[in-house]
Amino acid sequence: MRNILWGLIFALPLFPGATFGFANKTTSGDCSPVITGDIKAPVTIECGKDSGIPPGALAKLEAHLQESHRSQKNLNDLIDKLRKEVADWEQKYKSALAQNAADREKHPDNPLLAQEQQALQAGELEQAAQLRERYYQNLKREKTAELAQEAYTAAERWENAFNMPKALALYQEAVGFRRDYPKAWRNIGSIAGKLGNSTLALEAVQNLQKQLDPGKDAEWFSIALSDEADILRALGDNRKAFQQYQQSQLLLEQLVKAEPDNLHLRRELSVGYSKVGDMHLSSGDNAAALKAYQESLAIRKRLAELDLKHTEWQRDLSVGHNKVGDMHVKSGDNAAALKAYQESLAIRKRLAELDPNHPQWQRDLWVSHNKVGDMHVKSGDNAAALMAYQDGLAIAKRLAELDPKHTEWQRDLLVSRAKVGDMHVNSGDNAAALKAYQDGLTIAKRLAELDLNHTEWQRDLSVSYERVGDMHLESGDIAAVLKAYQESLAIRKRLAELDPAVVQWQTDLVVSYFKLSQILTGQQKELLTDALRILYWLQREKRLDHEKQQWIGMLEGMLQPDSSGRDEPSAEAAKP
C-alpha cells in the first residue's frame with residue numbers, strides 16, 4: 001500500500017502552469033517591443049532604420065506601454081499585447097502622415113494642416129492631435145465636409161497620442177454623424193474595453209451589428225460577432241460567447257466559400273475554428289474541441305503550403321498541431337499526440353534555422369521539445385524523453401544566458417532541469433538527478449527571493465526542495481532529507497494560509513506531511529492526521545479529483561492498528 005501511495009505522490013506535476021508563449025521580441029511591422037529583463041523591466045521599441053518613426057514619438061509610445069501594463073502578471077501575455085499595440089500604433093502613425101499629406105494637397109494654404117505635419121514629423125503627438133481637432137472643429141462650424149470622417153480622423157490622432165477619453169468622445173461623435181460607420185463603432189468598443197468600461201464596449205459591438213446587413217456586410221458582421229464573444233467571454237458569459245463565436249464562424253465559412261482565393265479570410269476562418277475549439281474545451285466537450293481544432297489545422301496546412309517562407313502562417317501551423325496534440329493527450333491517444341507534437345517540432349526547427357537568434361522561435365522550439373519528451377515519458381521510452389528534454393535544456397540555457405534578468409527564461413531553465421532530473425531518476429542515475437535538481441533549486445531560490453509574493457515561484461521553490469530531499473533519501477542522508485522536506489513544508493504552509501481555497505497548495509501540504517511522516521516516525525500519527533484533515537475537508541467540499549480521493553483510504557489504512565495488536569495511530573483522530 002505504501003508503495004502505491006508513494007507512486008501516486010511522485011506522480012504529482014512538478015511545475016504545473018508553466019506558460020508557453022512568445023519571447024520578448026517580435027518582428028511584426030517595422031517596430032518591435034523589447035523587454036530586457038523581467039516583466040517589471042522597461043519596455044523599449046526597436047525600429048528598422050527606414051521606419052521613419054521619430055525618436056520623440058517612440059519615447060512617448062514606450063512610456064505609454066510601460067504605464068498601461070503595470071498590472072500584467074505574465075510576461076508572455078504581456079508580449080502578445082505589446083506586439084499588437086505597437087503594430088496598431090505604427091499603422092495609425094503612418095496613416096496620420098498619409099492623411100495629412102492628402103489633406104494638404106487639397107488645402108495647401110491651411111496653416112493647421114502644415115503645423116500638424118510638422119508636429120507629426122517631430123513626434124509631438126499631443127500637439128498634432130490638438131491641431132487636427134481644431135481643424136475638425138473649424139469644418140464642423142462651416143459644415144463643409146463629411147464630418148463623420150473628420151471626427152474619426154481627429155479621434156485617431158488622440159488615440160495615437162494615448163489620450164483615450166478624448167479619442168472615445170470623438171469616435172462617438174463620428175457615429176453620431178453616421179450610424180453605419182463600422183470602424184468607428186469597433187474603435188469605441190476597443191477603447192471602452194481598455195478603459196475598463198465593459199458595458200460600453202458591449203453596447204458598441206452590439207450597435208455595430210444593428211447597422212450591418214449579414215448578407216451584404218458578412219465580413220464586418222463576423223468581426224462584430226467575434227468581438228462581442230471576446231467581451232462576453234471576459235465577462236464570464238461563456239454560453240452566449242460560444243453562440244457568437246459559432247455565428248461568426250458560419251459567416252466566415254460562407255465568405256471563404258464565395259472567395260476561396262481570399263487568403264486573409266481563410267486565415268480568419270482558421271482563427272474562428274480555433275476559438276470555437278477553445279469554447280468546447282472549456283465546457284468539457286473534448287471531442288467537439290478536437291474536431292474544431294482539426295478544421296482549423298486543415299486550413300493552416302493549406303496556407304502554409306502556399307508559402308513556406310511566410311513565417312506567421314508557419315507558426316500558425318505549429319500552434320495548430322499542438323492544439324490537436326493536446327486534445328489527443330486528453331483522450332489518451334498518446335501515439336496521435338506524439339505525431340502532432342513532432343509535426344509542430346519539425347516546423348519550429350525550420351523557423352529556428354531561419355534565424356537562430358530569434359528568441360520567440362527558440363522558445364517555441366523549447367516548448368515543442370518538452371511536449372515530445374512528455375509523450376515519450378508516457379510511452380515508457382525514457383531514453384527518447386531524456387534526449388528531447390536535453391535538447392530543450394540546451395535552448396533554455398542559451399536563452400537564460402542571453403538575459404540573466406529575464407525571469408521567464410530563468411524559470412524555463414528550472415523546468416528543463418527538473419525534467420532532465422526526472423529522467424535520471426527513472427534510469428536509476430540518482431547522482432545525476434540530484435545535480436539536476438540542485439541546479440534547479442539554485443534558480444528557484446533566486447526567483448523566490450526576487451518576489452516573496454509571487455506564489456508560482458514560491459511553489460516552484462517548495463517542489464525543488466522536495467525533489468532534492470527525495471534524492472538524499474535515496475542516498476540515505478537522512479539529515480539532508482529532513483532539512484529539505486522541512487524547507488518545503490514551511491513554504492507550503494505559508495501558501496496554504498495565504499489562500500486556503502487553492503486545492504493545489506492544500507494537496508502539496510498533504511504530500512509534505514506524508515513524506516515527513518516516513519522520516520519522523522515519532523510524529524507519524526500527528527503528521528498523517530494533519531494530512532487526512534486536509535483531504536477530508538477537500539472531499540467534503542467535492543474538490544478532490546479521483547486520483548487523490550484514493551489517498552484517503554491509503555492514509556486511513558496507515559493510521560489503523562496493525563494485526564499484531566501494537567498500538568498504532570487511529571484514523572478517528574483525523575476525522576472532522
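For the numbers below, each heavy atom of this structure counts, side chains included, while hydrogens, waters and symmetry mates do not. Because the structure is a prediction, the values reported are computed rather than measured.
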For a 4.5 angstrom cut-off between non-hydrogen side-chain atoms, does [X] reach [Y]?
| X | Y | result |
| --- | --- | --- |
| Trp158 | Met164 | no |
| Phe177 | Lys140 | yes |
| Arg104 | Asn110 | no |
| Val324 | His321 | no |
| Glu456 | Leu447 | no |
| Glu124 | Gln115 | no |
| Leu200 | Gln172 | yes |
| Gln127 | Leu131 | yes |

Locate the shortest heavy-atom distance separating [X] from [Y]; write the atom from each residue and the value.
| X | Y | value |
| --- | --- | --- |
| Lys323 | Ser274 | CE-OG, 3.4 Å |
| Ala204 | Ile188 | CB-CG2, 3.7 Å |
| Ala337 | Val329 | CB-CG2, 3.6 Å |
| Ala396 | Leu413 | CB-CA, 3.8 Å |
| Leu255 | Ala218 | CD2-CB, 3.7 Å |
| Arg266 | Val256 | CG-CG1, 3.8 Å |

Is the backbone of [Y] close enough, under 3.5 Å, to the side chain of [X] for a donor and an acceptor to pair up by distance?
| X | Y | value |
| --- | --- | --- |
| Asp237 | Lys240 | yes |
| Asn100 | Ala96 | no |
| Gln314 | Asp307 | yes |
| Gln117 | Leu113 | no |
| Gln209 | Phe221 | no |

Check your understanding: Going through the checks in order, is the side-chain contact (heavy atoms from CB on, under 4.5 Å) test met by Arg186 and Lys183?
Key -> CA-CA 5 Å; Arg186 196 176 193 215; Lys183 288 183 179 179; 5.8 Å; no
Ring pair (Phe, Tyr, Trp, His ring centres under 6.0 Å) contacts in which one or both residues fall within [range], not counting sequence neighbours:
| range | answer |
| --- | --- |
| residues 118-155 | Tyr152-Tyr171, Tyr152-Tyr181 |
| residues 281-316 | His310-Trp313 |
| residues 186-219 | none |
| residues 246-283 | Phe242-His280 |

If you measure from [atom1] on [X] to [atom2] on [Y], what distance do you get to the nearest 0.5 Å?
| X | Y | atom1 | atom2 | value |
| --- | --- | --- | --- | --- |
| Lys291 | Ser296 | NZ | OG | 12.5 Å |
| Ser222 | Leu265 | OG | CG | 8.0 Å |
| Arg363 | Asp412 | CZ | CG | 4.0 Å |
| Leu170 | Glu156 | CG | CD | 11.0 Å |
| Asp180 | Trp220 | CG | CH2 | 12.0 Å |
| Leu139 | Gln137 | CG | CD | 9.5 Å |

Listing, residues 348-357 side-chain donor-acceptor contacts under 3.5 Å, not counting sequence neighbours, or none:
residue	atom	partner	partner atom	Å
Arg348	NE	Ser318	OG	3.0
Arg348	NH1	Asp364	O	3.1
Arg348	NH1	Ser368	OG	3.3
Arg348	NH2	Ser318	OG	3.3
Asp355	OD1	Asn357	N	3.1

Point to revise | Option passing side-chain hydrogen bond (donor to acceptor under 3.5 Å, both in side chains) with Gln244 (candidates Gln249, Lys275, Glu228) | key: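 The option that passes is Glu228.
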Exercise for review: Determine, stepwise, if the pair Trp185 / Arg179 fulfils side-chain contact (heavy atoms from CB on, under 4.5 Å).
Suggested key: CA-CA 9 Å; Trp185 280 118; Arg179 297 293 291 176; 3.5 Å; yes
Point to revise | Salt-bridge contact Lys257-Glu253 (side-chain N to carboxylate O under 4.0 Å) | key: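 Answer for the salt bridge query: no.
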Point to revise | From CA spacing to verdict: side-chain hydrogen bond (donor to acceptor under 3.5 Å, both in side chains), Gln247, Gln243 | key: CA-CA 6 Å; Gln247 288 187 48; Gln243 292 174 356; 5.6 Å; no
Exercise for review: Tell me, yes or no, whether the heavy-atom count around Glu142 atom CD, taken from other residues, nucleotides or ligands under 6.0 Å, exceeds 12.
Suggested key: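 Above 12, so yes.
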Point to revise | Glu295 vs Val276, side-chain contact (heavy atoms from CB on, under 4.5 Å): CA-CA, chis, key distance, verdict | key: CA-CA 11 Å; Glu295 288 171 329; Val276 168; over 6 Å; no
Point to revise | Qualifying salt bridge (Lys or Arg N to Asp or Glu O under 4.0 Å) pairs, either residue in residues 128-138, two or more places apart | key: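 Pairs touching residues 128-138 that pass the test: Asp103-Arg132, Glu116-Arg132, Arg132-Glu150.
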Exercise for review: Under the side-chain contact (heavy atoms from CB on, under 4.5 Å) rule, what do Gln506 and Arg543 come out as? Steps first, then yes or no, please.
Suggested key: CA-CA 11 Å; Gln506 295 293 337; Arg543 303 184 68 195; over 6 Å; no
Review point. Are side-chain N/O atoms of Arg141 and Asn138 paired as donor and acceptor at under 3.5 Å?
Key: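 Yes, because at least one side-chain N or O of Arg141 sits under 3.5 Å from a partner of the opposite role on Asn138.
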